[in-house]
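Here is the structure we will look at, set down as C-alpha cells.
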Amino acid sequence: MAENEKANDTKQHLYLVDGSAYIFRAYHRLPPLTNPEGTPVGAVYGYTTMLWKLADDLDQADGPTHLAVIFDKSSHSFRNDIYPDYKAHRPPPPEDLEPQFPLIRDATRAFSLPCIEEEGLEADDLIASYARAAQNQGWDVTIVSSDKDLMQIVGTHDENGASIDMLDTMKSARIGPAEVEEKFGVPPHLVGDVLALMGDSVDNIPGIYGIGPKTASKLIAENGSLTAALDQAPDMKKSKLKERLIEGRGDAELSRVLVTLKEDCDLPQPLEEFKLDTIPVEPLKAFLEQHGFTSLLRRLSDGRGSPDRPTQLDPAKKQNASAKANEGAPSLPDMPKVDRKTYECVQTLDRLEHWIAKCRKAREIAVDTETSALDALQSDLVGISLATGPNDACYIPFGHGGNDLLSDKPEQIDRTEALHLLKPLLEDEAVLKIGQNIKYDLNVLARYDIHVAPIDDTMILSFALDAGRGEQGIGGGHGMDELALKHFDHACLTFKEVCGAGRKAIAFGEVPLDKATEYAAEDADVTWRLHRYLKPRLPIEGGTRVYERVDRPLIPVVAQMERHGIKVDREQLAKLSEEFAAQTELLEKEIFELAGQEFTVGSPKQLGEILFDKLGYQGGKKGKSGQYATGLAVLERLSDEGAPIANKVLEWRQLTKLKSTYTDALQAAINPETGRVHTSYSLVGAQTGRLSSTDPNLQNIPIRTAIGRQIREAFVPEEGNVLLAADYSQIELRLAAHMADVDTLKQAFANGEDIHARTAQEMFGEVNRDTRGQAKTINFAILYGISRWGLAGRLGTDADTAQDMIETYFKRFPGIQKYIMDTTEFVRENGYSETLFGRKTWFPRIKSKNPNERQGSERAAINAPIQGTSADIIKRAMVRMMPALDAAGLSHVRMLLQVHDELVFELPEGDVAQASEVIAQTMSNAAAPAVRIDVPLAVDIGSGKSWGAAH
DNA sequence: CATGTCACG
DNA sequence: GACGTACGTGACATGC
C-alpha cells in the first residue's frame with residue numbers, strides 16, 4: 001500500500017485506535033451477523049472495515065504513518081485500588097459480544113498491526129502515554145475514539161507544534177480543540193475538571209450530585225479550575241448548588257483523580273515499531289475467508305484498496321445542502337446534475353428488451369409505477385419507469401390516451417405484453433428493486449400478479465437515518481421531492497405541475513408522453529440517486545440493524561395487510577348512522593332551548609360566546625386566537641358547576657363525531673371491488689417508529705365508551721370465519737420496568753401481579769380503588785415524561801402534592817429517575833434517543849432556548865425509546881407471523897390490522913385454538929434473540945364474530 | 001389552510 | 001426561576 005520512502009523528513013503521524021471502545025459501538029450499530037461456524041461476528045466485521053479504511057489512508061495527506069490498536073486487558077485497574085466502586089455497575093457485555101473480543105485481536109493481527117494491552121492499565125492510559133510520547137518527539141497523533149475522557153489531551157505542543165486530535169470514525173468527525181471546547185465549554189486542559197464535577201454514571205464516577213454537564217462546564221469556565229470553583233463555594237449566595245459544592249467536595253476531588261489519565265505508563269513496545277507498511281495479503285485473506293466476509297475478500301482480490309468507501313473524512317468536501325441537516329453525514333457521491341432531456345420514452349418491444357437487459361446487468365435499479373389515481377388498490381397501471389444510474393432512466397407508457405379527448409392514441413407497447421416481459425425482471429432475486437415508498441408499487445403490481453422482490457425503499461432509509469431531524473426551513477418529511485431538495489438541492493417536477501390541481505386536474509394517463517416521461521423517469525432517477533446516497537450511510541450511522549431486520553422486511557407484510565382489508569357490515573353502520581342522527585337532532589333542540597336561541601353547536605367560537613357571554617357562565621378563558629376554550633375539560637367543569645347545557649353539548653359532540661368520522665366515513669371507504677375497507681399504513685408517519693393508519697384511520701376506532709364500541713361490532717369476518725384480536729398487555733410499562741431496571745416492577749410483572757395495585761402498595765402502603773387509580777395515573781405520567789403541574793392536573797390536586805408523589809415514586813423506584821436523567825442527558829449530548837433495537841429518533845430542539853420547546857423535546861425524548869421499542873417489538877412479531885403460521889400449517893389465517901399493541905386476524909373458526917398458540921408465542925418472543933427483556937411480554941387473545949366481540 | 005376538538009394506543 | 005399543564009397519531013368541522 002505504501003512505499004517506505006514516504007520521505008523521512010515529512011511529519012510522522014501516529015494513529016492510536018481505541019479497540020475496546022470501538023467494538024462496543026460496532027456491536028450496537030451493526031446487525032447480528034454470524035460467520036459460517038455460527039459465531040457472532042457483526043462487531044468484528046465493523047471493526048475490520050474500519051481498520052481497513054484507516055490503513056488505506058496511509059497515502060493521504062493527513063493519513064497515518066504509524067498505527068497501533070490499544071485494548072483494555074482486564075476490568076481491574078489502578079483506579080479500583082483508589083475507589084473500589086469504579087466501573088462497579090457496568091453490566092456484563094452482551095452474550096453474543098463476548099466471543100467477539102478475541103476475534104477483534106485476531107483481526108488486528110490479520111492486518112499485521114500491533115496490538116497493545118497491559119495488565120492493570122486501561123486503554124485510555126496507554127493511549128494517553130503513547131500520545132504524549134509521540135507528541136513530545138514531534139509527531140502528530142490522532143486517537144481513533146470518541147471517549148470523552150481522552151478529550152483532555154487534545155491540543156498542540158507548545159514548543160514543537162505537534163498536535164493530538166481525535167477521530168470518530170462512526171460519525172466521520174475530527175475532534176480538535178475547537179470541538180472539545182464546543183462540547184465542554186472549556187479548553188481541553190480543563191475537561192478533566194468538568195468531568196470531575198459532573199461524574200459519569202456508566203463508569204460510576206460520583207461527581208457531585210445534581211451537577212450535570214451544563215452546570216459543571218459553567219462553574220469551571222467561570223472559575224478557571226475545579227479547585228477554584230470549590231474554594232469559592234462558601235462565598236456563593238445561599239442555594240442548593242452552594243450546599244452541594246461544599247458537601248460534595250470530597251467526591252469531586254476523588255473524581256478528579258479517577259478521570260485523570262495516566263500519561264507516564266511504561267510503553268510496552270517502542271513507538272518506532274508501529275510503522276505502517278505494506279500489509280501482507282495472506283494472513284488477511286485467511287481471516288476474511290474464515291469469517292465469510294466475502295464482500296471484503298472480493299475487494300482484496302480486485303486489487304482495490306479498501307472496501308466500499310461511502311464516507312469521506314474530509315470535511316471540506318461537505319458542501320451540499322444536507323450539511324446542516326445531517327451533521328457528520330458523508331458527502332454526496334459524485335453524480336451529474338439531473339437532466340430530464342436524457343430520459344428515454346420506451347415505445348417498442350425492442351427498446352423494452354434493451355432496457356430489461358440493461359437492468360439485469362445493473363443489478364440495482366430504481367422502479368416507479370404511474371397509475372390512473374392515487375389509491376393503489378383502485379387504480380390502473382398506466383406506465384412504469386426504471387433507472388439504472390444517474391440520468392440513465394426511461395419511462396414505459398402503456399396506458400396513456402385512449403380517452404376521446406386525445407384523438408391520436410400515442411404509440412405504446414401493449415400493457416399485457418409489457419408486463420409479461422417485466423415480470424421476470426421485477427421478481428428476479430438477483431436484481432434489487434429500489435423504490436420511494438415501494439409499498440405502493442408492490443400493491444399496484446400485485447394486482448397484475450407481479451410480486452416484486454428483493455426491494456429497498458429510500459423513504460424507509462431516510463426514516464431509519466433521519467427520523468425527527470427536520471429543522472426550521474429544511475423540513476423533516478421523507479417524501480421524494482423533499483429529500484431531493486434537501487440532499488441534492490434539486491427541485492423535482494411536481495405532480496401538480498404535470499397533472500394540474502383541483503377541478504382542472506387530469507389523470508396521469510392523459511399527460512402527453514414527453515411530459516410524462518420527464519416526470520416519471522425523473523422520479524426513478526432521483527430514487528436511484530437517493531439510494532446511492534442513503535444506503536451507505538446506514539452502517540456508518542447505525543441504521544442497519546433496524547432497517548434490515550425490522551423495517552425493510554416489514555414492507556411486504558404491511559402491503560399484504562392493506563390488500564387483505566377488513567370487512568365491515570354496511571347495514572349495521574347505516575343503522576347506527578340513523579340512530580346517531582336522530583339523537584343528535586333531539587339534543588340540538590334541547591341545546592337551543594337551554595341557550596335561548598339557535599346556533600351552530602359545532603362551532604367552538606359560537607358555543608363559547610353562548611356559554612360565557614350570553615348565558616354568563618364564569619371561568620371562560622380565551623386562547624391566543626381570542627376564542628373561548630370549550631374542550632372536554634371545560635365542559636365537564638361547567639357540568640359539575642350545574643350547567644345542564646354542557647352535558648348536552650358533550651353528548652352532541654360525541655354523536656356527531658361518531659357519525660361523521662366513523663359510521664358515515666367507513667361506509668364510504670368500502671372498496672366496491674372487494675367489499676372491504678383497506679386502510680393505508682405509513683411506516684414513516686410517527687417519529688418513534690410506530691405505524692400510522694390513514695384513509696381511513698383504523699387505529700382509532702372507538703372502544704372506550706359503550707356507544708362507541710358499537711362501531712367495533714360492525715367490523716366482521718367473512719362467513720365461516722372469526723376475528724381474533726391479540727394484544728400486548730401493558731407493554732410500555734413492562735419495557736419501562738426493564739429499561740429503567742426497576743426490580744420491584746420487574747418482579748411484579750414476573751409474578752403476574754396487577755401492576756397499578758403494586759405501585760399503589762409501594763407508594764401509599766395500601767391498595768384501594770382510589771390509590772390504585774392514582775398509581776395508574778402516575779405510571780402513565782412516567783411514560784410520558786412527568787411534570788408536577790401535569791400530574792396535578794390529572795390527579796385533581798395541587799402541584800406541591802403532585803411533587804411529593806413524584807418524589808415518593810422516585811424514592812420507591814430509583815431506576816426510573818436515573819432512566820429519565822440518563823435519557824435526557826444522552827439526547828442532549830447526541831441529539832437523538834435510541835430504542836433497544838437501535839432505532840434513532842432525533843430531537844433537534846433539545847437545546848432550544850425556548851423552555852417550552854426544550855421541555856417538550858425532553859418529554860418526547862423520555863417517551864420515544866419506550867414507545868419506539870414497543871413499536872420495534874410488534875413489527876418484529878409481524879415480520880415473523882406469517883412464516884410461523886405457515887410452519888404450523890395454518891395457511892388460512894390472515895393478518896389484517898395493527899393497532900400499536902394489537903394485531904387483528906381473520907381465520908376459520910376451527911383454527912382458533914391452534915392459531916392462538918402460535919400468535920401468542922410469536923408476539924411474546926418477538927424481542928428475542930436480538931434483545932433480552934427481563935420481564936415476560938404477556939399477550940391477551942380473544943376471538944369472536946366481530947372486532948368488538950374479540951375483546 | 002389554520003384551529004379546535006376528539007377518536008385511538 | 002419560567003414554562004403552562006403528559007407521549008404518539010389522523011379526521012372532521014368551522015371559519016378565515
Side-chain angles (χ1 to χ4, degrees), chain A residues 239-240 467-468 599-608 621 623-635 649-650 652-662 664-666 668-669 679-682 684-705 707-709 711-712 727-728 730-733 736 777-796 798-799 802 806 833 841 848-868 870-871 874 897-902:
Chain A
S239 70
K240 263 259 145 44
F599 66 101
T600 311
V601 185
S603 164
K605 187 168 181 281
Q606 294 185 32
L607 176 64
K621 274 209 199 87
K624 54 176 178 276
S625 65
Q627 271 188 50
Y628 289 110
T630 62
L632 185 74
V634 175
L635 293 182
V649 171
L650 284 174
W652 182 94
R653 277 193 184 156
Q654 184 185 27
L655 290 167
T656 51
K657 174 88 177 177
L658 293 175
K659 180 170 185 296
S660 66
T661 309
Y662 301 106
D664 289 354
L666 282 172
T679 183
S680 173
Y681 288 103
S682 170
V684 301
Q687 313 289 17
T688 52
R690 272 192 179 177
L691 304 189
S692 70
S693 158
T694 58
D695 202 18
N697 181 354
L698 295 186
Q699 289 182 322
N700 72 347
I701 303 301
I703 191 166
R704 290 174 188 170
T705 65
I707 183 159
R709 268 198 297 276
I711 291 162
R712 284 201 179 215
D727 62 275
Y728 285 109
Q730 313 268 29
I731 186 165
E732 292 194 3
L733 274 175
T777 301
I778 296 168
N779 275 329
F780 280 106
I782 296 300
L783 297 180
Y784 298 145
I786 200 166
S787 82
R788 70 182 104 157
W789 300 278
L791 184 61
R794 298 278 157 148
L795 289 175
D798 57 283
I806 293 168
S833 70
T841 303
S848 168
K849 292 206 169 50
N850 175 342
N852 208 0
E853 246 180 19
R854 187 178 64 244
Q855 289 172 344
S857 288
E858 283 171 3
R859 290 192 299 269
I862 290 163
N863 179 254
I866 299 170
Q867 190 183 115
S870 160
I874 195 167
L897 302 177
Q898 190 254 39
V899 194
H900 311 308
D901 64 357
E902 172 184 9

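Chain letters run A, B, ... following the sequence lines, proteins first, then strands; residues in each count from 1. All heavy atoms count here, side chains included; hydrogens, waters and symmetry mates do not. Quantities reported herein were computed from a predicted structural model and do not represent experimental measurements.
Side-chain N/O atoms of A:Arg690 include none lying less than 4.0 angstrom from OP1 or OP2 on B:dC8. In this structure, A:Arg794 reaches the C:dA6 phosphate: one of its side-chain N or O atoms is under 4.0 Å from OP1 or OP2.
Within the nucleic acid shown, A:Leu691 has no heavy atom closer than 4.0 Å to any nucleic acid atom. Counting any heavy atom pair closer than 4.0 Å across all strands shown, A:Ile701 reaches sugar-phosphate atoms only and no base atom. Residue A:Ala686 is classed as a sugar-phosphate contact, given heavy-atom separations below 4.0 Å to backbone atoms only. No engagement by A:Glu902 is indicated, since no non-hydrogen atom pair under 4.0 Å with the nucleic acid exists. Looking at heavy-atom distances under 4.0 Å, A:Gly631 makes contact with sugar-phosphate atoms alone, never a base. Looking at heavy-atom distances under 4.0 Å, A:Thr630 makes contact with sugar-phosphate atoms alone, never a base. Within the 4.0 angstrom heavy-atom criterion, base atoms lie near A:Arg704.
In this view, A:Asn779 and A:His756, A:Thr759, A:Tyr809 satisfy the side chain to side chain donor-acceptor pair (under 3.5 Å) rule, not counting sequence neighbours. In this structure, the ring-ring contact (aromatic ring centres under 6.0 Å, His included) partners of A:Phe599, at least two apart in sequence or on a different chain, are A:Phe592. A:Ser660 meets the side-chain contact (heavy atoms from CB on, under 4.5 Å) test with no other residue; sequence neighbours excluded. Evaluation of the side-chain contact (heavy atoms from CB on, under 4.5 Å) rule for A:Ser787 yields A:Trp789 as partners, not counting sequence neighbours. Applying the side-chain contact (heavy atoms from CB on, under 4.5 Å) rule to A:Ser833 yields the partners A:Val827, A:Thr841, A:Phe843, A:Ala864, A:Pro865; only residues at least two apart in sequence or on another chain are considered. For the side-chain contact (heavy atoms from CB on, under 4.5 Å) test, residues two or more places apart in sequence or in another chain that qualify with A:Ser693 are A:Thr679, A:Tyr681, A:Asn697, A:Leu698, A:Gln699. Taking the salt bridge (Lys or Arg N to Asp or Glu O under 4.0 Å) definition, one finds that A:Asp664 meets it with A:Lys659, sequence neighbours left out. Residues meeting the side chain to side chain donor-acceptor pair (under 3.5 Å) test with A:Ser870, sequence neighbours left out: none.
Between C:dT9, B:dT5, B:dA7, one nucleotide has an atom nearer to the side chain of A:Ser692 than all others, and that is C:dT9.
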- Message: As a check on the pairing definition, encode DNA chain C in dot-bracket form, counting Watson-Crick and G-U wobble pairs whose two distances are under 3.5 Å, and using | for partners outside this strand.
- Response: ......|||||||||.

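Between the side chain of A:Thr656 and the backbone N or O of A:Arg653 there is at least one donor-acceptor pair closer than 3.5 Å.
Across the P atoms, B:dC8 and C:dG4 are found 29 Å apart, a figure rounded to whole Å. The gap from the P atom of C:dA6 to that of B:dG4 amounts to 15 Å, rounded to the nearest Å.
The minimum heavy-atom distance linking A:Ile711 with A:Tyr662 is given by the pair CD1-CB, 3.6 Å.
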- Query: If the sugar-phosphate is the primed atoms plus P, OP1 and OP2 and the base is the rest, what is the B/S/- string for nucleotides 11-16 of chain C, using protein heavy atoms under 4.0 Å?
  - Reply: BSSSSS

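For DNA chain B, no neighbouring residue in residues 852-864 of chain A is found when judged by any heavy atom under 4.0 Å.
Residue pairs meeting the salt bridge (Lys or Arg N to Asp or Glu O under 4.0 Å) criterion with at least one member in residues 856-868 of chain A, sequence neighbours excluded: A:Arg828-A:Glu858.
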